Asker: 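Take this structure first; my questions come after.
The model shown is predicted, which means the values in this text are computed figures rather than measured ones. Side chains are part of it too, since the values below use all heavy atoms of this structure and drop only hydrogens, waters and symmetry mates.
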Amino acid sequence: MSTIRFNALKETLNRKPVKVEETKRRSEIFGDHVFNEHAMLQHLTKDAYKSVMNAIQFGTKIDRKIADHISTGMKEWAISKGATHYTHWFQPLTGATAEKHDAFFETIGNGRSMEKFGGGQLVQQEPDASSFPNGGIRNTFEARGYTAWDPTSPAFIYGTTLCIPTIFVAYTGEALDNKAPLLRALQAVDQAATDVCKYFDKNVSKVNASLGWEQEYFLIDSALAAARPDIILTGRTLLGHSPAKGQQLDDHYFGSIPSRVMSFMRDLENECMLLGIPVKTRHNEVAPNQFELAPIFEEANLAVDHNSLLMDVMEKVSQRHQFKVLFHEKPFAGINGSGKHNNWSLATDTGVNLLSPGKTPMKNLQFLTFFINTIKAVHDNEELIRATIASASNDHRLGANEAPPAIISVFIGSQLSAVLDELENVTKGKLSPQEKTDLKLNIVGKIPEILLDNTDRNRTSPFAFTGNKFELRAVGSWANCAGPMTVLNTIMAKQLKDFKEEVDALIAKKDLKKDEAIFNILREYIKQSKKIRFEGNGYGEAWEKEAAKRGLSNNKTTPEALKAQISKKTIALYEEMNVMSKVEVEARHEIELEDYIMRIQIEGRVLGDIARNHVIPTAVSYQNTLIENVSGLKEIFGKEFKKLAAEQIDLIEKISGHIAEINSKINAMTEERRNANQLEGQKAAEAYCNKVKPFFDEIRYHCDKLELLVDDNLWPLVKYRELLFTR
């Protein structure tokens with residue numbers, strides 16, 4: 001087996017950067033493969049174009065006759081770009097994307113044929129839904145599902161296929177994907193935020209949620225990755241001793257990008273430009289062979305689609321460059337894992353970022369309104385936010401040195417904290433003229449100046465304000481952004497709806513002016529949500545004890561965290577905001593529990609296989625060599641051999657001890673796995689978490705010790721130093 005390792009290393013060392021041609025400016029090719037406004041103006045009739053734009057801007061339905069005109073124009077555009085097939089591109093509850101390609105080609109009799117793509121094929125299709133996760137929404141034999149066109153996310157061409165972003169629902173109407181609930185959440189926050197905006201600007205008619213994701217990832221040579229069964233089957237290394245040098249020197253972070261990686265990045269960015277994904281930033285991350293890219297912010301639904309598409313494209317482009325891209329949150333023990341920071345904000349159709357202060361006290365009061373309501377929404381729903389970032393893979397990252405803890409808190413900086421502390425002392429009821437003046441001039445009016453210096457980023461905070469947006473830092477790199485964005489926009493919609501009702505009630509019942517009513521409600525929200533604000537270090541026991549005193553939840557594992565998904569409070573929230581029904585909520589909970597169970601089960605099987613079929617045979621082989629050496633020394637030196645062979649004998653004993661422990665632990669793990677398989681749902685997930693998973697570290701410990709003891713020439717698995725530093 002060691003020959004596979006050394007052949008992989010030899011192959012890797014002989015790699016050369018793939019040449020990437022860039023003949024045009026990026027601004028010239030941006031969106032060239034996207035059926036965007038420019039393409040629609042060229043290929044659609046005036047009525048068809050107007051119908052699509054109304055659907056995007058106002059959510060109006062597209063008439064089927066108009067859909068026929070749109071599909072014809074879209075087909076002609078796609079064929080002119082080299083497309084031969086089309087697909088409804090959707091995001092089932094697997095965490096990945098899905099597509100089924102159909103050719104434009106149709107026969108019309110007498111040996112003739114034509115390219116055909118009608119409005120019905122654009123608007124709706126019926127893919128087989130039987131093998132996608134459904135969480136008990138339907139029986140297995142009820143295979144029908146529907147994909148329906150989402151005109152707010154433009155169609156695009158990838159390869160020779162026209163991809164049409166769609167939602168995916170069961171034949172009974174329940175959402176079977178990530179997009180449908182997100183679109184409902186975005187509609188809810190649009191309505192609620194627009195209603196609140198009218199306190200400050202009557203001209204606002206729409207509010208869009210924006211998202212800027214930051215995608216972290218590892219790049220490993222494909223030959224080295226193929227020589228590691230754990231990477232191929234689980235996305236991470238289940239064993240492997242830490243190298244002498246890791247990230248201690250911080251010499252990789254923001255360093256010179258390796259030439260092969262630079263070629264990959266340039267190729268990837270070219271593909272992104274054609275697909276309209278506005279990637280802008282690239283750099284080395286902290287860990288060796290870890291990198292990051294980030295785009296310009298976009299409307300949230302489009303940004304989610306672009307991130308899902310990006311991960312597909314990254315995998316395909318990486319193959320051209322003989323790389324394996326790793327999205328797992330913690331592919332290597334002992335060094336930083338990867339996250340996908342979700343930068344979120346709200347913006348009006350009048351061009352105002354609602355989480356950015358303005359030049360007037362009124363604009364700053366608007367900023368404070370949305371700022372404080374966001375904090376209140378997180379405070380009231382911190383367990384649900386924790387649930388939406390929970391996964392078997394992200395459990396490895398949360399609480400590690402590079403990532404925020406599993407305890408949800410909000411960081412806003414000391415200066416904004418001081419502003420909220422002053423607002424907390426606003427007089428209840430009517431404000432005196434002097435207090436109004438003081439508020440406008442000395443507190444609200446000075447917020448822009450304060451934010452100029454408030455540039456610090458607390459890396460230990462899961463939810464931090466970073467100047468003109470909130471950054472949900474706890475999202476895992478493997479995750480679909482739709483989950484966190486659905487939760488965040490839903491809780492914000494609910495919070496803003498409640499806020500408006502309370503303000504209107506004060507204006508009506510207490511005879512307060514609008515500004516006075518707003519200040520009164522915000523003052524109460526500041527008091528009620530104070531415990532969620534935390535400015536200190538989020539690592540360690542001290543914060544855990546402080547969080548417990550404050551009454552914040554600390555759900556350390558995915559099975560614990562997911563319980564919040566099906567609480568009465570959560571179900572009532574989703575139903576009130578028309579985001580998901582009880583059936584849809586419970587189905588997602590069941591799917592995520594099953595996903596957790598399956599991932600831990602697979603990892604346990606893979607670890608047992610590698611330990612017994614790779615590690616132990618190698619250790620025994622080396623042990624036999626040592627035994628032959630000891631026997632030879634005994635034959636030559638007689639009684640003196642014990643002194644001369646002391647080190648060899650000690651090694652033989654240590655190897656035997658580690659082999660015995662590995663076998664014992666695998667047997668115990670297998671038994672616990674059998675027991676867990678007799679259970680269902682929550683109990684099964686908890687058994688895998690608390691009974692099966694703890695054996696992973698124990699088995700790994702003894703395997704990693706053997707890696708240090710066994711002859712390097714015999715060791716079959718590519719080592720950490722080779723995975724992380726071979727470029």
Asker: Are the charged groups of Lys556 and Glu544 less than 4.0 angstrom apart, N to O?
Answerer: yes

Asker: Is a donor on one side and an acceptor on the other found under 3.5 Å between the side chain of Gln682 and the backbone of Pro559?
Answerer: yes

Asker: Got a salt bridge between Glu671 and Arg674, using NZ or NE/NH1/NH2 to carboxylate O under 4.0 Å?
Answerer: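 Looking at Arg674 together with Glu671, the answer is yes, because their closest N to O distance falls below 4.0 Å.
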
Asker: Quick check on side-chain hydrogen bond (donor to acceptor under 3.5 Å, both in side chains): which of Asn178, Asp177, Asn480 does Gln91 satisfy it with?
Answerer: Asn480

Asker: Using only atom types and a distance under 3.5 Å, with no angle test, would you say the side chain of Arg260 pairs donor to acceptor with the backbone of Arg15?
Answerer: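 The answer is no, because no donor-acceptor pair under 3.5 Å joins these two groups.
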
Asker: Lys705: which residues meet the salt bridge (Lys or Arg N to Asp or Glu O under 4.0 Å) condition with it, sequence neighbours left out?
Answerer: none

Asker: Filter on salt bridge (Lys or Arg N to Asp or Glu O under 4.0 Å), then keep only pairs touching residues 315-327, sequence neighbours left out; what's left?
Answerer: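 Those involving residues 315-327 are Asp267-Arg320, Glu271-Arg320.
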
Asker: Sub-3.5 Å donor-acceptor pair from the side chain of Asn394 to the main-chain atoms of Ala474, do we have one?
Answerer: yes

Asker: With a 3.5 Å distance limit and no angle check, can you tell me whether Thr625 reaches the backbone of Ser621 through a side-chain donor-acceptor pair?
Answerer: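 Checking the backbone N and O of Ser621 against the side chain of Thr625, a donor-acceptor pair under 3.5 Å is found.
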
Asker: Run the salt bridge (charged side-chain N to carboxylate O under 4.0 Å, His left out) test on Arg599 and Asp395 for me, step by step, so that the C-alpha distance in whole Å, both residues' side-chain angles and the decisive distance to 0.1 Å come before the verdict.
Answerer: CA-CA 12 Å; Arg599 290 191 186 277; Asp395 277 359; over 6 Å; no

Asker: Salt bridge (Lys or Arg N to Asp or Glu O under 4.0 Å) with Glu686: which residues, sequence neighbours excluded?
Answerer: Lys563

Asker: Using a 6.0 Å cut-off, check whether atom CD of Gln648 has over 12 heavy atoms from anything other than its own residue.
Answerer: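 Counting neighbours around CD of Gln648, more than 12 heavy atoms of other residues, nucleotides or ligands fall under 6.0 Å, so yes.
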
Asker: For the side chain of Asn336 and the backbone of Ala287, is there at least one donor-acceptor N/O pair under 3.5 Å apart?
Answerer: no

Asker: Once side chain to side chain donor-acceptor pair (under 3.5 Å) is applied, do any residues pair with Asp312, and if so which ones, sequence neighbours excluded?
Answerer: Thr97

Asker: Fit a plane to each ring of Phe90 and Phe168, take the angle between them on a 0 to 90° scale, and name the class: parallel (under 30°), tilted (30 to 60°) or perpendicular (over 60°).
Answerer: tilted

Asker: In terms of side-chain geometry, is the basic nitrogen of Asp230 or Arg700 positioned less than 4.0 Å from the acidic oxygen of its partner?
Answerer: no

Asker: Between the side chain of Thr94 and the main-chain N/O of Ala96, is any donor-acceptor distance below 3.5 Å?
Answerer: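 At least one qualifying donor-acceptor pair exists.
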
Asker: Is any side-chain heavy atom of Glu383 closer than 4.5 Å to a side-chain heavy atom of Asn555?
Answerer: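 Yes; the side chains approach each other to less than 4.5 Å.
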
Asker: Are a donor atom and an acceptor atom from the side chains of Glu329 and Ser393 found within less than 3.5 Å of each other?
Answerer: yes

Asker: Could you go through Tyr596 and Tyr688, starting from their C-alpha distance and side-chain angles, then the distance that decides it, and tell me whether this counts as ring-ring contact (aromatic ring centres under 6.0 Å, His included)?
Answerer: CA-CA 9 Å; Tyr596 180 86; Tyr688 266 99; 8.1 Å; no

Asker: For the residue pair His396 and His328, categorise the inter-ring angle as parallel (less than 30°), tilted (30 to 60°) or perpendicular (more than 60°).
Answerer: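 It falls in the tilted class, 30° to 60°.
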
Asker: Considering the options Val710, Leu709, Ile652, which one meets the side chain to side chain contact (heavy atoms under 4.5 Å, CB included) requirement together with Gln623?
Answerer: Ile652

Asker: Heavy-atom count around Tyr701 OH within 6.0 Å, excluding the residue itself: above 12?
Answerer: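 Not more than 12 within 6.0 Å, no.
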
Asker: Is the ring pair His101/His85 parallel, tilted or perpendicular, if the boundaries are 30 and 60 degrees?
Answerer: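 Ring orientation, 0 to 90° scale: tilted.
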
Asker: Centres of the Phe156 and Trp89 rings: under 6.0 Å?
Answerer: yes

Asker: Are Asn677 and Gln601 close enough that a side-chain donor and a side-chain acceptor fall under 3.5 Å?
Answerer: yes

Asker: Do the ring planes of His702 and His658 sit parallel (below 30°), tilted (30 to 60°) or perpendicular (above 60°)?
Answerer: tilted

Asker: Is there a donor-acceptor pair under 3.5 Å between the side chain of Lys654 and the backbone N or O of Ile649?
Answerer: no

Asker: By side chain to side chain donor-acceptor pair (under 3.5 Å), which residues pair with Lys693, not counting sequence neighbours?
Answerer: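 Lys693 satisfies side chain to side chain donor-acceptor pair (under 3.5 Å) with no residue once adjacent residues are dropped.
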
Asker: According to salt bridge (Lys or Arg N to Asp or Glu O under 4.0 Å), does anything in residues 603-622 pair up with another residue at least two apart or in another chain? List the pairs.
Answerer: Arg236-Glu603

Asker: Using only atom types and a distance under 3.5 Å, with no angle test, would you say the side chain of Ser263 pairs donor to acceptor with the backbone of Val18?
Answerer: yes

Asker: What class does the angle between the rings of Tyr217 and Phe291 fall in, given that below 30° is parallel, 30 to 60° is tilted and above 60° is perpendicular?
Answerer: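 Aromatic pair Tyr217/Phe291 classed tilted.
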
Asker: Report yes or no: does Asp711 contribute a side-chain atom to a donor-acceptor pair with the main-chain N or O of Tyr622 at less than 3.5 Å?
Answerer: no

Asker: Taking Glu285 for the side chain and Gln290 for the main chain, is one N or O donor matched with an acceptor at less than 3.5 Å?
Answerer: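 Not a single qualifying donor-acceptor pair exists.
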
